[in-house]
Chemist: 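One structure is given below, represented as structure tokens, and several questions about it will come after.
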Amino acid sequence: MPELPEVETVRRGLTQLVEGSTIKTVDVLYAKMINLPPDDFKEALRGKRIEKIDRRGKYLFIRLSGHLTIVSHLRMEGKYDVEPEGSPIDKHTHIIFHLTDGRQLRYNDTRKFGRMNLVDTGTEMQVAGLKTIGPEPTEKDLTVEYMKRIFAKSRKVIKPFLLDQSNIAGLGNIYADEVLWLSKINPKQPVNTISLAKIKVLRKNIIDELARAIAGHGTTVHSYSTAYGEAGQFQNHLNVYGREGEPCPRCGTKIVKIKLAQRGTHFCPKCQRLRGVKK
DNA sequence: CTACTTGTTGGTAT
DNA sequence: AATACCAACAAGTA
């Protein structure tokens, strides 16, 4: 399940592999994946050069000649693979970009949740999900002032608040649990009850954890791999996610798993006490 | 067969 | 208005 670090890893892999390549033709094997009628999608992409790959949150922007951008969201299990012509088509391959050099860029997605929107470059922020996207989790964009402001004005509990991409871009279920553990904050803590000191700790952990995950090429929880086919390394670093019943790496207490906002939520009941609110 | 998982949107209920 | 909850999407696993 790609979160920001995995998407960034894919961006880097695609940049190395297909930046500068030219699309010859496109096959659409699953039409619901795209925002245009397949014939329009194919026709618009014919002969376009892949100029650059950008990223915003979990969204990839494939910049093409002709002032076009493919906005690609991998959702749960989307992947890009580069294959030579003639290599067998996987049953979960949904879009094939035939390149003029004979290689193929293939979009694979077991659950068909991923989406591609072909839009005019400059209008990509009008794609659903990007209109309201929050700041990137970086030192520069995710300021203390911003965090302080959004935390003060909401009574939502922190875990679903972190998953809401309009607050901060890029956190998914794994890293949300991880940064809360790192910051010793209970997933059910209402955000307006979190002290400024804790907000600063959380901010630093979000920025640092995602940077570390990018450095480790993302995480492998299900079937994630980079565009090179190499597995991510980061799963070795997860402290609470997927570790229900195992000892907390900090205090040894058993990690608990609960359901919060319909999502599996892992935390240490001792390190991450709920502060000053009744349950 | 059921329940559960994931990210995101969109609708309804409180 | 803000929040909470649910369904939908799709397919795999237990």
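These numbers come from the heavy atoms of this one structure, side chains and all, not from hydrogens, waters or symmetry mates. Just so we're on the same page: letters track the sequence lines, and every chain starts at 1. Keep in mind the model is a prediction, meaning the values are calculated, not measured.
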Chemist: Measure from CE on M76(A) to P on dA8(C) and round the result to the nearest Å.
Modeler: 18 Å

Chemist: Sequence neighbours excluded, which residues qualify as side chain to side chain contact (heavy atoms under 4.5 Å, CB included) partners of E19(A)?
Modeler: T15(A), K52(A)

Chemist: Can you list everything that forms a side chain to side chain contact (heavy atoms under 4.5 Å, CB included) with E139(A)? Sequence neighbours excluded, please.
Modeler: R203(A), I207(A)

Chemist: In whole Å, I'd like the distance from the CZ atom of F113(A) to the C1' atom of dA11(C).
Modeler: 8 Å

Chemist: Between C1' on dC4(B) and CG on N173(A), what's the gap in Å once rounded to a whole number?
Modeler: 13 Å

Chemist: Would you mind classifying the nucleic acid contact of Y30(A) as base, sugar-phosphate or nothing, using non-hydrogen atoms under 4.0 angstrom?
Modeler: sugar-phosphate

Chemist: Starting at CG of D109(A) and ending at C1' of dT6(B), how long is that distance when rounded to a whole Å?
Modeler: 11 Å

Chemist: Just to verify, what does P269(A) make a side chain to side chain contact (heavy atoms under 4.5 Å, CB included) with, not counting sequence neighbours?
Modeler: T253(A), V256(A), F267(A)

Chemist: Not counting sequence neighbours, list each pair that qualifies as a side chain to side chain donor-acceptor pair (under 3.5 Å) and has a residue in residues 266-277 of chain A.
Modeler: D177(A)-H266(A)

Chemist: Kindly write out the residues that satisfy side chain to side chain contact (heavy atoms under 4.5 Å, CB included) with R155(A), not counting sequence neighbours, or none if the list is empty.
Modeler: N192(A)

Chemist: For residues 93-101 of chain A, run the donor-acceptor check on the side chains, cut-off 3.5 Å, and write out each pair with its distance to 0.1 Å, sequence neighbours left out.
Modeler:
{"unit_1": "T93(A)", "atom_1": "OG1", "unit_2": "D90(A)", "atom_2": "O", "d": "3.4"}
{"unit_1": "T93(A)", "atom_1": "OG1", "unit_2": "N108(A)", "atom_2": "OD1", "d": "2.4"}
{"unit_1": "H94(A)", "atom_1": "NE2", "unit_2": "H92(A)", "atom_2": "O", "d": "3.1"}
{"unit_1": "H94(A)", "atom_1": "NE2", "unit_2": "D109(A)", "atom_2": "O", "d": "2.7"}
{"unit_1": "H98(A)", "atom_1": "NE2", "unit_2": "D27(A)", "atom_2": "OD2", "d": "2.7"}
{"unit_1": "D101(A)", "atom_1": "OD1", "unit_2": "R103(A)", "atom_2": "N", "d": "2.9"}
{"unit_1": "D101(A)", "atom_1": "OD2", "unit_2": "R103(A)", "atom_2": "NE", "d": "3.0"}
{"unit_1": "D101(A)", "atom_1": "OD2", "unit_2": "R103(A)", "atom_2": "NH2", "d": "3.1"}

Chemist: Calculate the interatomic distance between L171(A) atom CG and dG7(B) atom C1'; express it in whole Å.
Modeler: 13 Å

Chemist: Quick check: does any side chain N or O of R250(A) sit under 3.5 Å from a backbone N or O of W181(A), one acting as donor and the other as acceptor?
Modeler: yes

Chemist: Where do N or O atoms of nucleotides 9-12 of chain B meet protein N or O atoms at under 3.5 Å, pair by pair?
Modeler:
{"unit_1": "dT9(B)", "atom_1": "OP1", "unit_2": "G129(A)", "atom_2": "N", "d": "2.6"}

Chemist: Need one value for K257(A): base, sugar-phosphate or nothing, where a base atom within 4.0 Å counts as base even if backbone is also close, heavy atoms only.
Modeler: sugar-phosphate

Chemist: Using the ring-ring contact (aromatic ring centres under 6.0 Å, His included) rule, collect all pairs that involve residues 39-62 of chain A, keeping only residues at least two apart or in two chains.
Modeler: Y59(A)-H73(A)

Chemist: Dump every N/O contact between nucleotides 2-7 of chain C and the protein below 3.5 Å, one line per pair.
Modeler:
{"unit_1": "dT3(C)", "atom_1": "OP1", "unit_2": "S154(A)", "atom_2": "OG", "d": "3.4"}
{"unit_1": "dT3(C)", "atom_1": "OP1", "unit_2": "R155(A)", "atom_2": "N", "d": "2.7"}
{"unit_1": "dC6(C)", "atom_1": "OP2", "unit_2": "Q262(A)", "atom_2": "NE2", "d": "3.1"}

Chemist: Only pairs under 3.5 Å count here: list side-chain donor-acceptor contacts from residues 143-154 of chain A, not counting sequence neighbours, and write none if there are none.
Modeler:
{"unit_1": "T143(A)", "atom_1": "OG1", "unit_2": "Y146(A)", "atom_2": "N", "d": "3.0"}
{"unit_1": "Y146(A)", "atom_1": "OH", "unit_2": "N167(A)", "atom_2": "O", "d": "2.7"}
{"unit_1": "S154(A)", "atom_1": "OG", "unit_2": "K156(A)", "atom_2": "N", "d": "3.1"}

Chemist: Verify whether one side chain among K159(A) and N186(A) offers a donor that lies under 3.5 Å from an acceptor in the other.
Modeler: no

Chemist: Name every donor-acceptor pair, under 3.5 Å, that has one atom in a side chain of residues 112-128 of chain A and the other anywhere in the protein, sequence neighbours excluded.
Modeler:
{"unit_1": "R115(A)", "atom_1": "NH1", "unit_2": "K112(A)", "atom_2": "O", "d": "3.1"}
{"unit_1": "T121(A)", "atom_1": "OG1", "unit_2": "H67(A)", "atom_2": "O", "d": "3.3"}
{"unit_1": "T121(A)", "atom_1": "OG1", "unit_2": "L68(A)", "atom_2": "N", "d": "3.3"}
{"unit_1": "T121(A)", "atom_1": "OG1", "unit_2": "L68(A)", "atom_2": "O", "d": "3.1"}
{"unit_1": "T121(A)", "atom_1": "OG1", "unit_2": "T69(A)", "atom_2": "OG1", "d": "2.7"}
{"unit_1": "T123(A)", "atom_1": "OG1", "unit_2": "D120(A)", "atom_2": "O", "d": "2.6"}
{"unit_1": "E124(A)", "atom_1": "OE1", "unit_2": "R63(A)", "atom_2": "NH1", "d": "3.3"}
{"unit_1": "E124(A)", "atom_1": "OE1", "unit_2": "G122(A)", "atom_2": "N", "d": "2.7"}
{"unit_1": "E124(A)", "atom_1": "OE2", "unit_2": "R63(A)", "atom_2": "NH1", "d": "3.4"}

Chemist: Listing time: all N or O pairs from protein to nucleotides 12-14 of chain C that are below 3.5 Å?
Modeler:
{"unit_1": "dG12(C)", "atom_1": "OP1", "unit_2": "H92(A)", "atom_2": "NE2", "d": "3.2"}

Chemist: Would you say a side-chain N or O of H73(A) is under 4.0 Å from OP1 or OP2 of dG7(B)?
Modeler: no

Chemist: What integer distance in Å separates K112(A):NZ from dT6(B):C1'?
Modeler: 17 Å

